[in-house]
Amino acid sequence: MQMIKGRAYKFGDGINTDVIYPGRYLSITTDREEMAKHCFETVYPEFLKTARAGDIIVGGKNFGCGSSREQAATCLKYFGIGAVVAESFARIFYRNAINLGLPVLVAPGVTRVVDHGDDIEIDLDRGMVKNTRTNETVESTRLPSFILEIINDGGLIKHLRKKLGLSNK
Amino acid sequence: MVLGSGSQNKHPMGKNQMTIAEKILAKASGNDTVKPREIVTAQIDVAMSHENADVVLRAFREIGIEKVWDAERIVLLFDHRIPAESEKTAATHQRIRMFVKEQGIKHFYDLNEGICHQVLPENGHSRPGDVLVGTDSHTTTHGAFGTFATGIGATEMAGVWATGELWFMVPESMRIKISGDFNKHVSAKDLILSIVGKLGAAGADYKAIEFSGETISNMSIASRMVLTNLSMEMGAKVAFVVPDKKTVDYVRSRTNQPFSTLLPDQDAEYVEDLDINVNDLESMVACPHSVDNVKPVAEVAGMRIDQALIGSCTNGRLEDLASAAEILDGKQVSPGVRLLVIPASRRVYLEAVRKGYVEVFIRSGALVLNPGCGPCLGAHQGLMAPGEVCISTTNRNFKGRMGSSEAFVFLASPATVAQSAIAGEITAPN
């Protein structure tokens, strides 16, 4: 059973990828630690001061809409974000996160039962998000098994290496 | 009606009637039929990247395969930051050029040609019935040619370079039929802004859109591309203009590659049907800071502006420049306003020079910049200071998108932007 625990860092609806990772840093293409230093920098600069590694981002509707920039998922992963749970996701961000091995869960109602700063638990296998302060839970859409496999393998690169018979040391 | 060449449409009678999205994914996945929500693995016909090929490249190296799956199906070019605005970008360009040589990538346009969503169609890479993926969200644009075209991330593209295939969930389809005639100076941009305003930024999430109807039949290829380009801003996975003779003529004149002009079956199933008449449509504008915050221009008329921008993968084509030049001819840009004009491609630029539009722009006081994405994505060439206002023909007005997070970006048609540049404030063309 896979559990992810962390403190909720909450956002509203329509958080787009320009907000998550500003366009001015798109020239950073390979240094992932450097990308992590610019999460939400332009519009929510307090994130970099108050968020911690291990936090779980709780988003509203259409999280990650806009540009296909993978840096938006990469910066969160290398910042140390444990997972992103949202009312709904835009499709490219959703796929990018999976491919990087960053768990993403669609959990309708999550913004209703989780407040900023609450400790939450995610049960990936059962598709459940629990607020451990209030004990309230919401169901999340369960990921298809082949997507879970990509996440469990640590992302698409390691997953493909496994499929292609290359070692993953 | 028989369109194009290559394999003809199979119309299974009675059952298994399919939309365009379903037909293309069935073909690409080797199935007779597919249904919405089914997950299929599709063979990729064209894989496009720009500067972010640098991110793809790193992931590709990490997969550990030496050669790409097909050096003739990968198309690479630079458009987001050209010429290089920094040493970092120069190094990115350099690494990609080396990769192109190393792999023998056949279709590489460097920084000479312009924006990917114009250059690929111009060179016959956007074909009906194909699956085209690009590491750019506005890849939906190519659906104007009946292509299943969508944006993907860099790591996923590395997987495509390695294997030539990708999984898709078959999208549900919605149909938007357009009828009527546009008023003078009202165009495809006003239409699609009004649709985005109605449906919302998530109104077509994960879905396929099919545009059809008499207005679409009469529309130029460039105008059709405006519709499929901005469909992304409603979350659409793909957007199509149902291909017709105009589509086939355009593509056929640019490539010898075979293609299948797949059309929707008569009784295909749609989750939503919209009928829109444009007879009474007026000039529209998307207000800060979201693309679905759409109002008639008249409601925000009088808002003073600092910058006006005509260009981008949405509205940097010849007809867009023509529409702006018609309004700017013999006029002056208002003192204190910076008008930037950025042709979408070298070919568009050359035609605009030949037709005298560029002279009109220069005489009016505009800055004409090299073809490319310009300041749209906030990288360079005309970023905004705090408190400044820009009216732009681009496709995104998110907070902080074009420079300062305290700047304001309004999205409108080339005619509205040109008229506003003259007035110094947001003004509808008339």
Side-chain angles (χ1 to χ4, degrees), chain A residues 13-19 22-32 35 40-45 60-63 65-74 87-101 144 146-147 150 155-161 163-164 166-168, chain B residues 39 51-52 54-59 62-65 80-81 84-86 88-89 91-92 95 134-139 150-159 162-163 167 169 200-202 205-206 232-233 235 237 290-292 376-380 383 396 398-405:
Chain A
D13 291 340
I15 296 295
N16 65 66
T17 55
D18 275 88
V19 165
R24 73 175 75 142
Y25 299 116
L26 285 176
S27 57
I28 304 169
T29 52
T30 54
D31 187 343
R32 292 159 180 167
M35 291 175 200
F40 297 101
E41 183 183 292
T42 315
V43 181
Y44 300 106
K61 290 179 189 149
N62 212 20
F63 189 91
C65 59
S67 155
S68 68
R69 64 190 65 170
E70 192 163 283
Q71 285 97 329
T74 311
E87 298 283 341
S88 67
F89 287 91
R91 51 172 293 279
I92 305 179
F93 176 87
Y94 185 75
R95 292 181 73 120
N96 284 344
I98 290 165
N99 290 328
L100 293 167
F146 83 99
I147 289 181
I150 295 174
L156 184 67
I157 291 170
K158 287 183 177 164
H159 177 71
L160 282 175
R161 284 183 63 86
K163 269 178 73 177
L164 296 164
L166 302 162
S167 89
N168 260 326
Chain B
I39 290 174
E51 275 89 342
N52 61 16
D54 202 20
V55 188
V56 184
L57 179 51
R58 173 177 172 158
E62 285 176 347
I63 294 171
I65 286 194
H80 272 50
R81 299 187 300 280
E85 91 299 350
S86 65
K88 256 189 192 140
T89 295
T92 282
R95 276 192 292 273
T135 45
D136 188 282
S137 55
H138 292 108
T139 301
T150 193
I152 63 171
T155 299
E156 215 158 40
M157 184 58 90
T163 66
W167 68 271
M169 189 187 284
D205 260 2
Y206 298 91
M232 199 285 144
E233 302 309 322
K237 178 180 291 185
S290 70
V291 187
D292 59 358
C376 173
L377 68 149
H380 68 157
L383 303 186
R396 286 198 179 122
F398 301 152
K399 203 170 187 197
R401 168 87 177 171
M402 203 185 280
S404 168
S405 61

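Bear in mind the structure is a predicted one, so any value in this text is a computation, not a measurement. Every chain is numbered from 1, with letters handed out A, B, ... down the list of sequences.
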Sort out for me which of [options] touches chain B most, counting heavy-atom pairs under 4.5 Å.
{"options": "A:Gln71, A:Arg69, A:Arg95, A:Lys163", "answer": "A:Arg95"}
{"options": "A:Phe89, A:Tyr25, A:Tyr94", "answer": "A:Phe89"}
{"options": "A:Ile28, A:Leu26, A:Asp18", "answer": "A:Asp18"}

Looking at every heavy atom in both [X] and [Y], which two are closest together, and how far apart are they?
{"X": "B:Gly235", "Y": "B:Asp205", "answer": "CA-OD1, 3.2 Å"}
{"X": "B:Ile65", "Y": "B:Ala162", "answer": "CD1-CB, 3.8 Å"}
{"X": "B:Asp292", "Y": "B:Ser290", "answer": "OD1-OG, 2.7 Å"}
{"X": "B:Ile152", "Y": "A:Ile92", "answer": "C-CG2, 4.1 Å"}

Sort [X] into side chain, backbone, both or neither according to what part of it lies under 4.5 angstrom from a heavy atom of chain B.
{"X": "A:Leu100", "answer": "side chain"}
{"X": "A:Ile147", "answer": "side chain"}
{"X": "A:Asn16", "answer": "side chain"}

Report which part of [X] has an atom under 4.5 Å of a heavy atom belonging to chain A: side chain, backbone, both, or neither.
{"X": "B:Ala158", "answer": "neither"}
{"X": "B:Thr92", "answer": "side chain"}
{"X": "B:Thr163", "answer": "side chain"}
{"X": "B:Arg58", "answer": "side chain"}
{"X": "B:Ile39", "answer": "side chain"}

Under 4.5 Å, counting heavy-atom pairs only, tell me which of [options] racks up the most with chain A.
{"options": "B:Met402, B:Arg396, B:Lys399", "answer": "B:Arg396"}
{"options": "B:Met232, B:Glu62, B:Lys88, B:Glu51", "answer": "B:Glu62"}
{"options": "B:Asn52, B:Asp136, B:Thr139", "answer": "B:Asp136"}
{"options": "B:Gly151, B:Ala379, B:Gly378", "answer": "B:Gly151"}

Using atom types as modelled and distance alone, determine if a side-chain donor or acceptor of [X] lies under 3.5 Å from a backbone N or O of [Y].
{"X": "A:Thr29", "Y": "B:Val55", "value": "no"}
{"X": "A:Asn62", "Y": "B:Ala201", "value": "yes"}
{"X": "B:Glu85", "Y": "B:His380", "value": "no"}
{"X": "A:Ser67", "Y": "A:Thr17", "value": "no"}

- Message: Between A:Arg91 and B:Glu156, does any NZ, NE, NH1 or NH2 come within less than 4.0 Å of an OD or OE carboxylate oxygen?
- Response: no
- Residue pair A:Val43, B:Phe398: steps toward the side-chain contact (heavy atoms from CB on, under 4.5 Å) verdict: CA-CA 10 Å; A:Val43 181; B:Phe398 301 152; over 6 Å; no
